[in-house]
Amino acid sequence: MAATLSQQLTALRRTRVWRSVFRGGNGTSNLDRALAVQQNLFLHLSSVKVRKRSLAFRVTWFLGTLCMGALMILVATGIPLMLYYHPSVPQAYADMKDLQSVVSAGVFLRNLHRWSAHAMVLLVFAHMFKVFYRGAYRPPREFNWVVGVILLIVTLLLSYTGYLLPWDQLAFWAITVGSNLLSSVPVIGPKVRFLMLGGNTVNANALLRFYVLHCVILPLTAATFVAVHFWRIRKDGGIYPGKDHKHA
Amino acid sequence: MPDPNMPDSNDFIAGMNSDSRKSPVRVAFVTRRTSAQVKARDDGGTVMVFPEALFRGAVAIELLLLVLVVFSLFWDAPLEELANPLLTPNPAKAPWYFLGLQELLHYFPPVVAGVLIPGLVVTALIAIPYFQINIEGEGLWSRNRTLRLRMVRITLVLFILFLASFHVWVALAPTLLMVGLMLYSATERHDAGRFHRWLASKPLSFWIMSWFLLSSAVLTLIGTFFRGPGWSFVMPWSGQI
Amino acid sequence: MSVRGRIAAAKAFLFGDSARAFGTLSLALLALLTVVPARDYFRDWRGVQKQYLQLIHGRNDAPALTRHFQGGVQQIWLPEIGVVDRCTTCHVGLKESTLTDVRTQPFRPHPPVPHSLTEFGCVLCHRGQGTATSVADAHNSSSSWEEPILPARYLESGCGQCHIQPLTGTPKLNQGRELLARYGCVRCHTMRAPDGTKRTGTDEPPSLEHIADKTSREWIAAWLRDPQAYAGSATMPNFQLKDDEIRDIAAFLIAQSQPYRSQKASEPAPVPSQDDAVIQQGASLYGESFCASCHAVQNAAGLLVGGNLGPELTRVGSKVKIDWLADWLRNPAIYDPASAMPHYRFDAKQIGLLVTFLSSKTDSDFTGTAKAAAAEPKQIERGRILVIERGCASCHAINGLKAPEDFAPELTEVGSRPLSRILFAPGVPNTLPDYIAARIRDPRSFGDTLKMPRFSLPQPQVDAIVTALLAQTARAETLPASMRIPARKPSDYRPAGRAGKLMDEMRCFSCHIINGRGGTMAPELTYEGTSVQRAWLVNFLKNPNTLRPALIRRMPRFNVTDAEANTLADYIMTAWQTPDFEGDASDDLRFTAADVQSGRELFYNKYACQSCHIIDQSKDKGYVGPTLTQVGSRLTAPWILHWLRNAQTLRPGSLEPVWNMNDADARSITAFLMAQKGAPVKEAARK
């Protein structure tokens with residue numbers, strides 16, 4: 001069965017249509033494998049080869065990959081959630097209720113989005129500490145570390161802006177508490193807060209702003225910096241294998 | 001040398017096979033302190049990103065998804081009543097990742113807790129790779145031990161006094177733990193165990209980062225699970241959080 | 001192959017390399033994800049709808065029921081009142097009148113109500129979460145929805161959100177609102193009806209400005225300790241005061257009192273006799289004057305006998321001073337111009353008898369015998385502070401104190417108070433109705449420092465008050481004004497002239513409703529001038545006899561003179577007329593003996609009127625309606641005729657059935673009734 005399956009797969013790979021889509025060919029040689037990465041828009045940021053050592057679990061704990069995975073889950077669940085959501089008061093909250101009671105799999109989508117968001121914040125922090133303790137931030141990777149810090153902040157902002165969208169008590173007061181911190185910044189604090197909320201209190205304008213930030217501006221920012229982050233991994237010499245590396 | 005993880009080369013269709021060429025090796029030119037020489041390192045070989053690395057990554061992501069799906073099936077995301085600006089919950093809490101800061105707000109004026117500390121943390125994080133003077137990653141005590149120990153002691157005492165003057169007891173606990181470990185690593189002993197040797201090999205940045213990790217974790221946990229009405233200290237099972 | 005070998009082989013097959021692991025995990029993930037649509041499919045409502053289809057299967061009315069049935073999530077959406085109710089998704093049989101035999105929820109049909117489900121939805125009355133589609137979410141309280149389904153015993157509160165006036169279908173709500181007014185709750189707590197009007201009290205808390213003339217410090221102290229020990233029916237709550245607080249408040253109240261008379265009464269106060277025979281005479285006068293219509297007295301069995309319009313008099317002898325009592329019986333308006341008690345016009349002898357009788361009703365257990373020591377200024381000052389702290393002036397007029405505004409928390413929106421704002425006393429279930437009930441039953445269990453006094457109310461009254469309070473919702477205020485049933489404007493009808501002055505003196509309006517104003521104890525008199533004959537009326541005013549032998553409460557004698565009776569009768573015959581009769585002047589009301597005879601037949605046989613009325617004292621046993629032995633001398637023929645045609649238009653709510661009588665029958669019975677003259681009535685001399 002397995003053999004036939006793989007034969008059929010091979011046959012499929014040889015068809016004209018497949019070859020028009022995937023330039024890499026049938027993946028039976030390293031050239032093909034290299035092309036599969038190099039010729040793919042999404043994969044070409046990566047090098048075609050990677051040190052075998054750096055794939056070991058203990059090196060990265062796959063934390064970077066998991067961050068990316070969480071981001072992908074969030075995009076995949078966030079888009080269908082957008083279809084059921086109106087960023088207006090109090091319809092936003094009614095939409096939450098409808099997700100629970102009438103939308104097919106609405107609860108599941110919301111749960112998955114929420115838990116993935118928390119997981120992503122955790123993973124991003126974990127990734128940062130792991131990179132630090134391994135010393136993987138040292139030159140020539142220092143700029144990629146800075147990009148990582150920016151991504152950490154973007155991740156926090158993504159989570160924070162998303163926190164308001166259900167427009168329930170939890171959301172409202174979490175954002176109120178958080179944004180009150182901003183006012184304590186000397187001189188510009190209150191202005192920045194006003195800009196962020198579109199008013200002096202958390203209100204319908206704030207909801208709309210947070211929605212646009214959460215669904216457009218911050219995801220685009222994150223995507224841009226993720227691309228830079230990945231690109232720099234390759235440009236800075238691949239995944240850091242560790243300084244205690246000795247000759248094999 | 002054929003890679004055992006790779007498919008048997010006999011499976012491949014005859015033709016051009018990049019495996020037949022020797023893989024390029026990394027070459028580094030080190031000019032400082034030594035005369036120019038070529039140093040070649042065997043880093044254990046490389047594998048193709050496709051399929052090896054990609055599938056591993058995919059498996060990792062799938063495992064994450066699996067866990068999250070199970071979680072989502074059995075635990076519902078929190079939802080409270082419709083937002084009501086007139087009804088302040090007690091306590092009103094920020095998202096969990098800001099609760100460390102909110103906990104600090106309990107001790108320090110807002111300018112310190114809300115601006116100075118997070119600003120310092122972000123600046124420090126960005127600056128870390130540029131301040132890395134200790135490129136060899138040698139231990140804190142391996143050079144100028146006496147002088148460094150004195151400086152560290154003075155700094156620590158001042159810092160602990162600072163925390164105590166603001167009654168930041170929750171941050172003081174992890175700080176004291178780190179100080180204890182640090183001073184322990186500074187002791188000179190010949191029968192040192194592995195743990196001591198491991199600690200002694202750590203640079204200053206390790207100590208600072210570990211202190212940051214530990215205290216922010218403690219502050220966040222306290223803020224999340226132990227703070228009730230009026231930001232009073234309660235037990236997580238008291239049902240007042 | 002060994003087991004271990006098989007496992008190793010399986011492991012290699014499933015997870016041999018990353019590609020295989022990826023494939024295996026993908027399949028596992030896919031399998032897990034099928035749980036999601038499966039859960040969707042097995043939602044509560046789908047099972048319930050299936051049950052419903054099974055239930056109606058095979059019934060006679062199945063075709064109609066199946067035709068009405070619509071699968072899937074159903075909802076009633078009323079944007080203007082913010083209703084999104086999906087209750088009908090499970091409660092599918094609500095509108096099926098043929099399902100009345102089904103007693104199990106969720107399929108029971110809704111009992112008939114004057115409102116359409118599709119116009120009002122469900123949660124407006126029942127509460128709960130209308131948008132939810134699972135049993136638990138719809139009915140229970142959760143972190144995202146506080147209001148659970150309202151227990152059925154408080155259901156009438158829903159009606160009170162729009163209906164400001166009492167409704168016949170909501171006895172509990174009406175009672176609750178009446179109690180809130182009667183116990184003076186609204187004097188401390190501001191409570192607004194949905195249209196913004198403040199609810200007002202119907203209790204008339206006595207003024208304490210002249211209290212020292214009326215009673216003693218010892219009595220005040222005993223009363224403050226436990227008002228219900230003095231009179232079980234007292235509406236004053238127990239403030240749970242300490243002994244020294246009671247002493248100081250009593251001292252202050254006596255100290256602030258001022259005399260109500262600028263000069264001494266012209267007649268000397270009677271000296272109460274200790275002679276049992278005199279007391280007995282007083283008791284007889286008490287009975288003849290129908291004091292019991294308004295005042296109750298505990299009998300030997302401890303049961304209250306009498307009305308509740310005035311205070312209970314069981315221990316009145318321990319309370320009032322003789323001078324005051326005599327003055328009060330002489331004319332209550334001397335002490336309290338706003339009193340509901342009529343001016344009886346007793347003569348000095350009658351006053352003496354009544355004072356003797358009433359002052360004999362003492363209870364030495366209540367006040368004790370010890371005289372209070374003279375009050376110190378410090379005590380008086382402390383009493384003043386206590387009186388201010390307890391808000392006594394919210395109800396009682398007290399010299400030198402103004403009624404505090406908003407003394408207690410406003411309760412306009414108490415029916416939608418968020419639970420997060422409530423601190424529950426231990427042992428109280430965490431629901432709003434239970435909280436309110438506990439708060440009424442024992443306020444101090446929520447804290448010793450709370451000021452609210454304890455009302456000793458039986459459970460049904462507590463439930464009624466809770467129902468009325470639950471009707472005070474925030475939603476009621478936001479509903480469109482078009483949904484509100486406005487309050488009827490209270491009538492301020494006041495007859496003018498000499499007759500008006502007499503009526504005021506006799507406090508007719510304490511018992512009778514006339515033109516929309518007055519009490520409900522006695523019959524409405526708005527059309528009295530049309531219905532009765534003048535001669536009878538004059539006689540009745542002078543010497544009221546009873547019309548309904550089964551009643552205890554009767555019209556008292558007010559000792560009116562002939563002249564006064566004639567003044568009143570003139571006014572009544574002229575002013576209290578129904579305008580409806582004018583066009584019916586053509587009715588032929590000259591009756592023949594044949595008319596009377598056929599009327600008798602109809603009365604006894606066709607309509608069986610003797611079931612409720614009495615014509616022949618020896619035979620008839622009807623005690624529900626008034627006795628008709630003298631009706632021919634009392635009522636007018638046109639009134640009887642119209643009454644027989646449709647009594648409801650003359651007096652809505654009358655027990656008299658609507659007979660749909662033809663004109664001939666009505667005319668004959670009128671003839672028969674007009675023939676019932678009874679004993680001849682001597683007309684009082686006209687002035």
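Residue numbering restarts at 1 for every chain, and letters A, B, ... go by the order of the sequence lines. What you see is a predicted model; the values in this text were computed from it and never measured.
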When [options] are compared by non-hydrogen pairs under 4.5 Å with chain A, the top option:
options                     : result
B:L82, B:I61, B:L87, B:L105 : B:L82
B:F206, B:F71, B:Y97        : B:Y97
B:G114, B:G119, B:A94       : B:A94
B:I126, B:D76, B:L64        : B:D76
B:A58, B:A53, B:P85         : B:P85
B:V69, B:V122, B:L73, B:V67 : B:V69

I'd like to know which of [options] tops the heavy-atom pair count under 4.5 Å against chain B.
options                        : value
A:L181, A:L170, A:L152, A:V149 : A:L170
A:F125, A:F108, A:F172, A:W145 : A:W145
A:A70, A:A174, A:G69, A:P186   : A:A174
A:P90, A:S54, A:S159, A:S47    : A:S159
A:Q100, A:M128, A:H118         : A:H118
A:F62, A:F143, A:F57, A:Y163   : A:Y163

Atom group of [X] that falls short of 4.5 Å from chain B, counting heavy atoms:
X      : result
A:A92  : neither
A:S116 : both
A:V185 : both
A:L109 : neither

Is there a donor-acceptor contact under 3.5 Å from the side chain of A:N144 to the main chain of A:V147? no
Look only at the side chain of A:Y85 and the backbone of A:L165, and say whether a donor-acceptor pair between them is shorter than 3.5 Å. yes
Which bit of [X] is near chain A, if near means a heavy-atom gap under 4.5 Å: side chain, backbone, both or neither?
X      : value
B:L116 : neither
B:L54  : side chain
B:Q102 : side chain
B:P78  : both

Give a yes or no on whether B:F233 atom CZ has more than 12 heavy-atom contacts from other residues, nucleotides or ligands under 6.0 Å away. yes
Exercise: identify the closest heavy-atom pair between B:P51 and A:R33: CD-CD, 3.7 Å
